[in-house]
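Report on the structure given below.
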Protein chains: 2
Amino acid sequence: MTAGIADVSTCAVAVDVALLTVRDERLSILLVEPDTPDLDAAWALPGRRVRDDESLIDGARRAVRELAGLAIPHAWLEQLATYGEPQRDPHGRVVSVAYLALVPDPEDPAPGDGRSAAFVAFEDLADHQPLAYDHDRILPDAVERARSKLEYTALATQFVEEPFTLGDLRRVYEAVWGESLDGANFRRKVVSTTDFVLPVDGEFRKRPGGGRPAQLYRRGTAERLHPAMLRP
Amino acid sequence: MTAGIADVSTCAVAVDVALLTVRDERLSILLVEPDTPDLDAAWALPGRRVRDDESLIDGARRAVRELAGLAIPHAWLEQLATYGEPQRDPHGRVVSVAYLALVPDPEDPAPGDGRSAAFVAFEDLADHQPLAYDHDRILPDAVERARSKLEYTALATQFVEEPFTLGDLRRVYEAVWGESLDGANFRRKVVSTTDFVLPVDGEFRKRPGGGRPAQLYRRGTAERLHPAMLRP
DNA sequence: TCAATAGTGTCTTTTAGACATTATATG
DNA sequence: CATATAATGTCTAAAAGACACTATTGA
């Protein structure tokens with residue numbers, strides 16, 4: 001690591017963020033419009049070069065803030081993987097550390113920096129492909145990570161605002177997995193998993209079109225789920 | 001990603017490898033002696049600066065070969081995480097991409113490059129701590145990744161040479177998890193998990209001290225296990 | 001013979017899943 | 001009233017785990 005002889009270079013280091021949310025019951029991804037005037041330039045994940053004195057995760061937060069006008073100081077943000085093929089960026093070697101962010105639907109990203117940003121449903125992604133650089137490789141990795149982590153961690157609660165109903169939580173699972181779930185069995189599993197969710201005693205939420213009011217819950221303390229919530 | 005203005009730097013990019021094996025029924029880690037003449041210098045994971053034209057994973061393989069004299073062209077090697085805190089290396093900013101390698105016990109690493117390398121049992125790690133740089137943070141991440149992946153992937157078979165017995169495979173699980181398992185239930189689960197292992201018809205292996213000869217198996221085609229082999 | 005390891009059988013408990021039923025709201 | 005969603009109950013099947021038992025070797 002402290003070699004520093006011939007053949008070794010310094011690389012540009014960047015962060016790219018795959019920010020996922022559930023909007024209109026569909027898993028959606030934050031994309032930013034390219035800054036080049038080129039007409040058929042590709043959309044991309046928000047990404048920035050990392051600064052001298054900045055940690056990687058701070059760089060990830062800054063990329064989302066500067067490119068999509070979205071402040072995510074408390075959102076879930078975890079490292080996904082690092083993409084460093086020598087030829088992945090045509091302008092020179094750039095090693096990019098990708099992050100996965102999960103947020104409740106922020107209604108609308110307000111673009112800063114003069115570009116536009118938008119949420120695109122995963123199933124409509126083809127309309128914006130191909131993405132810039134190797135972002136078409138990063139995005140499936142991000143979605144698979146999210147799908148997989150919903151099985152054995154409590155991360156699903158990061159997609160909803162507190163307090164939430166078990167119906168809200170079920171719709172998160174359904175959107176991320178792309179599968180419909182039995183409400184009765186889902187409820188039993190969530191409630192019986194220790195510290196997954198905590199009921200807010202005596203508080204309920206009514207729905208616009210009728211239906212029995214639903215008990216409200218907050219996030220529990222569990223990080224890993226025992227037992228796991230396995231995909232159907 | 002193609003910003004390149006003020007405040008952004010190029011960093012040194014390195015790879016560090018956490019190479020795990022099961023030796024003497026214990027989970028063990030490959031460490032290399034420091035190259036400094038300093039007496040109480042710390043042991044470290046094998047790591048190298050990444051070369052200009054080299055992919056990250058190729059750099060990882062090279063680090064193991066050059067620092068431990070171990071050629072692992074066919075071993076399991078997957079990216080673990082990237083460690084990039086601004087102050088993690090006292091000599092300047094180094095972003096390190098850590099890899100996880102799983103290999104059958106190679107009996108002995110033959111050190112090249114004039115340094116010595118050794119396998120250290122995870123439970124004896126305290127004898128070699130603290131490790132250099134932030135390697136004391138990387139190593140627990142590597143071990144937890146291995147423990148976790150044994151649950152829902154077929155990675156355990158990467159720790160044994162083919163052909164192997166179900167006893168060999170059970171000892172891998174026991175060493176990595178640090179728990180003893182019921183042989184009867186273990187066998188039933190492995191055999192009933194689709195494509196985890198394939199019996200080599202009519203081939204058996206005897207053990208030195210007696211005991212019924214064991215059926216030999218090869219790796220199956222499954223990558224993910226259905227159902228999973230959950231930790232006790 | 002005994003000790004050691006491989007492999008089978010059986011029983012209980014836990015979990016998953018299908019699906020009927022009841023509860024409480026809106027229109 | 002009908003309709004919608006929440007919550008509970010019940011049954012069946014699959015899986016996990018404890019543990020007794022049989023099989024085949026070396027010493």
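Order of the sequence lines sets the chain letters (A, B, ...), proteins ahead of strands, with each chain counted from 1.
The main-chain N or O of A:Val176 is found under 3.5 Å from a side-chain atom of A:Arg147 such that the two form a donor-acceptor pair. The closest donor-acceptor contact from the side chain of B:Asp136 to the backbone of B:Leu131 lies under 3.5 Å. Checking side-chain atoms of A:Glu174 against main-chain N and O of A:Leu181 turns up a donor-acceptor pair under 3.5 Å. The backbone N or O of A:Arg145 sits nowhere less than 3.5 Å from a side-chain atom of A:Ser148 that would complete a donor-acceptor pair.
A salt bridge links B:Arg231 to B:Glu144: one of the charged nitrogens lies within less than 4.0 Å of a carboxylate oxygen.
Residue B:Lys189 places its side chain closer to D:dA16 than to any other of D:dA16, D:dA18, D:dT25.
Using a 4.0 Å heavy-atom criterion, one finds that A:Arg187 contacts the bases of the nucleic acid, with or without backbone contacts as well.
Near DNA chain C, meaning a heavy atom under 4.0 Å from it, residues 151-158 of chain B has no residue at all. Within residues 161-184 of chain B, the residues having any heavy atom under 4.0 Å from DNA chain D are, by residue number, B:Asp182, B:Ala184. In the region residues 192-200 of chain A, proximity to DNA chain D at under 4.0 angstrom, judged on heavy atoms, holds for none of the residues. Less than 4.0 Å separates DNA chain D from at least one heavy atom of each of the following residues of residues 212-232 of chain A: A:Arg212, A:Pro213, A:Ala214, A:Gln215.
With sequence neighbours excluded, the residues that form a side-chain contact (heavy atoms from CB on, under 4.5 Å) with B:Ser55 are A:Glu85, A:Pro86, B:Ile57, B:Asp58. Residues forming a side-chain hydrogen bond (donor to acceptor under 3.5 Å, both in side chains) with B:Glu123 (at least two apart in sequence, or on another chain): B:Arg26. Residues passing the side-chain hydrogen bond (donor to acceptor under 3.5 Å, both in side chains) test with A:Glu33, sequence neighbours excluded: A:Ser116. For B:Asp141, the salt bridge (charged side-chain N to carboxylate O under 4.0 Å, His left out) test picks out no residue, with sequence neighbours left out. In terms of the side-chain contact (heavy atoms from CB on, under 4.5 Å) criterion, residue partners of B:Pro106 (sequence neighbours excluded) are, by chain and number, B:Thr21, B:Arg23, B:Leu70, B:Val103, B:Phe119.
Annotation: side chain of B:Lys149 is not in contact with side chain of B:Glu151 (no heavy-atom distance under 4.5 Å). Using a 4.5 Å heavy-atom threshold, the side chains of B:Tyr99 and B:Leu19 count as separate.
Listed by first and then second residue, the side chain to side chain donor-acceptor pair (under 3.5 Å) pairs that reach into residues 211-222 of chain A come to none, sequence neighbours excluded. Legend: salt bridge (Lys or Arg N to Asp or Glu O under 4.0 Å) pairs involving residues 182-210 of chain A, not counting sequence neighbours, sorted by first then second residue: A:Asp168-A:Arg205.
Map B:Gly209 and A:Arg188 each onto its nearest nucleotide of DNA chain D; the residue landing nearer the 5' end is A:Arg188.
Summarising the geometry, the separation between CZ on B:Arg207 and P on D:dA27 is reported as 13 Å, rounded to the nearest angstrom.
On the nucleic acid side, DNA chain C contacts chain B at distances under 4.0 Å to non-hydrogen atoms, with the end points of that region at C:dA4 to C:dT10.
Ring-plane geometry between B:Tyr173 and B:Trp177 is classed as perpendicular, the angle between the planes exceeding 60 degrees on a 0 to 90 degree scale with a lower cut at 30.
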